[in-house]
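This report refers to the structure that appears directly beneath it.
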Amino acid sequence: MKSIQQHILILNGGSSSIKFALYNTDKKLENVLSGQISRIGLDNPEFTVTHKPSNKKTQITIDSTNFKEAAEGLVEWLKEQNYTDGIKCVGHRIVHGMEHSRPEIIDEHLLTELHKIMEYDPDHLPAEIEMIALFKKQFPHFVQVACFDTSFHTTMPKYAKTFAIPKKYYNQGVKRYGFHGISYSYLMKELKTQNRAEADGKIILAHLGNGASLAAVKKGKCVDTSMGFTPTGGVVMSTRSGDLDPGVAWYLMQQGIDAEEFNDVINHQSGLLGISGYSSDMQDLLEHQKSNKDAALAIEIFCYQIKKTIGAYTATLNGLDVLVFSGGIGENAPLIRKRICQGFDYLGIELDAGKNRKNKRIISTKNSKVKVYVIPTDEEIMMAALTAKLYQSSKEDQINIEEQ
């Protein structure tokens, strides 16, 4: 029987997966375990847990055919392990947060708002809402907190948010929101710890993973970002198209494709997968680039679009002090970082080949005018910190109310 400790549960639900992490809050935030349920809706869904600090991995049998059953399976497992006895609050990653600029405790008003914008993000929001409802039903005493992926970008000026379409659509909420904000918040926190003066400078953050985006930051505030109204916009990604001529949608619809099929094409069949014709995995493409011209082309387009965006954001910032690589590709693919930075000598970017090859934290030379970092992101610990802070604040407010 495990001793009862104070825990924060962090959840990140998608249409075909649930990622989760548990943090002990007795002293400072300490990761107890992390895990995920993947392949939801397919044969043989996978439920894996990594226990800390041993990093021992456990494979758990789960019998589920849809997201609801998978989420219920997670709840039952947490109960069986006696973890739910110590959980005080649950932090949810909410991908689309409209204009919410900070985490919020989830109440009926917020839930109603999320229901209204489900069509904005059909790959994430329905699953996230279902997770919230399940935990509210099973554990009504849990405080549930929404950590919005869009909050980081609410500081963007209106001219960076506005699409050149009739104003009525902007008033209906059709604008650039940006995503990966929880990751960007963590990266900025790490930069401040490293060098506060640098963190107040002109910065480009590049979160490069299955989803990829960049953000331009000046004096600690986001001024532009590559993703737009949905996470599909911006640079090419693993299976997402990135920015697309709107006329392509019109043309494909004339060919008989409907809205649902179009959404599937641009989110799940495009990007590196669509260009290469066989893989969405950057490591796989790198291994085959010499023998497969389509794999080589996919890599070339990926690097070209990121390089182009860095150039544009340098103009937006009127210079560049710091470039940060993060995400699965950004943290682990030295060749991709090298190719992106090649030709940027006019900006003063100079990579140290040895440090880059070893994925060191700082990969630029001492003489480089722009400092280039590789910082592993940690969205879960960022969410845990935000959730803990809001939970503690809510407790203090409750005490104040009771004392009055």
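Numbers here simply count residues along the sequence, with the first being 1. Owing to the predicted nature of the structure, the values given are computational and were not obtained by experimental measurement. No hydrogens, no waters, no symmetry mates; every other heavy atom, side chains included, goes into these values.
A salt bridge links Glu198 to Lys371: one of the charged nitrogens lies within less than 4.0 Å of a carboxylate oxygen. Using a 4.0 Å cut-off between charged nitrogen and carboxylate oxygen, Glu99 and Lys161 count as a salt-bridge pair. Ion pairing between Glu331 and Arg361 fails under the 4.0 Å rule for side-chain N and carboxylate O. Salt bridge absent: Glu113 and Lys116 never bring a charged side-chain N and a carboxylate O closer than 4.0 Å.
A donor-acceptor pair shorter than 3.5 Å can be found between the side chains of His288 and Asp284. Between Ser213 and His180, the side chains place a donor N or O and an acceptor N or O closer than 3.5 Å (distance only, hydrogens not considered). Side-chain contact check for Gln342 and Lys307: no donor-acceptor pair (N or O, by modelled atom type) lies under 3.5 Å. Defined by atom type and a distance below 3.5 Å, a donor-acceptor pair is missing between the side-chain atoms of Thr309 and Gln305. Looking only at atom types and distance, the side chain of Asn210 has no donor-acceptor partner in the side chain of Arg240 under 3.5 Å away. With no hydrogens or angles considered, a side-chain donor-acceptor pair links Asp264 and Gln269 at under 3.5 Å. No side-chain donor-acceptor contact under 3.5 Å links Thr239 and His268. Side-chain polar atoms of Ser101 and Thr154 form no donor-acceptor pair below 3.5 angstrom. Judged by distance alone, the side chains of Thr365 and Asp352 never bring a donor and an acceptor atom under 3.5 Å apart.
Looking at Asn356, its side chain never comes within 3.5 Å of a backbone N or O of Ile363 through a donor-acceptor pair. In this structure, Ser368 contributes its side chain and Glu350 its backbone to a donor-acceptor pair below 3.5 Å. In this structure, the side chain of Ser151 engages the main chain of His100 through a donor-acceptor pair within 3.5 Å.
Judged by a 6.0 Å distance limit and a 45° cone about the ring axis, Lys175 is not positioned over the six-membered ring of Phe163.
Residue Ser34 comes nearest to Lys52 through the heavy atom pair OG-CE, 4.1 Å, listed as atom of the first residue, atom of the second, then distance.
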Verdict with reasoning, Ser280 to Ser238, per side-chain hydrogen bond (donor to acceptor under 3.5 Å, both in side chains): CA-CA 5 Å; Ser280 63; Ser238 291; 5.1 Å; no

Evaluation steps, side-chain contact (heavy atoms from CB on, under 4.5 Å), between Ile132 and Ile94: CA-CA 10 Å; Ile132 293 167; Ile94 305 297; 4.1 Å; yes

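For His207 and Phe179, the ring centers are positioned 6.0 Å apart or more.
Classification of the Tyr177-Tyr120 ring pair by plane angle, with boundaries at 30° and 60°, yields tilted.
Residue Glu260 places its CD atom among 12 or fewer non-hydrogen atoms of other residues, nucleotides or ligands, all under 6.0 Å distant.
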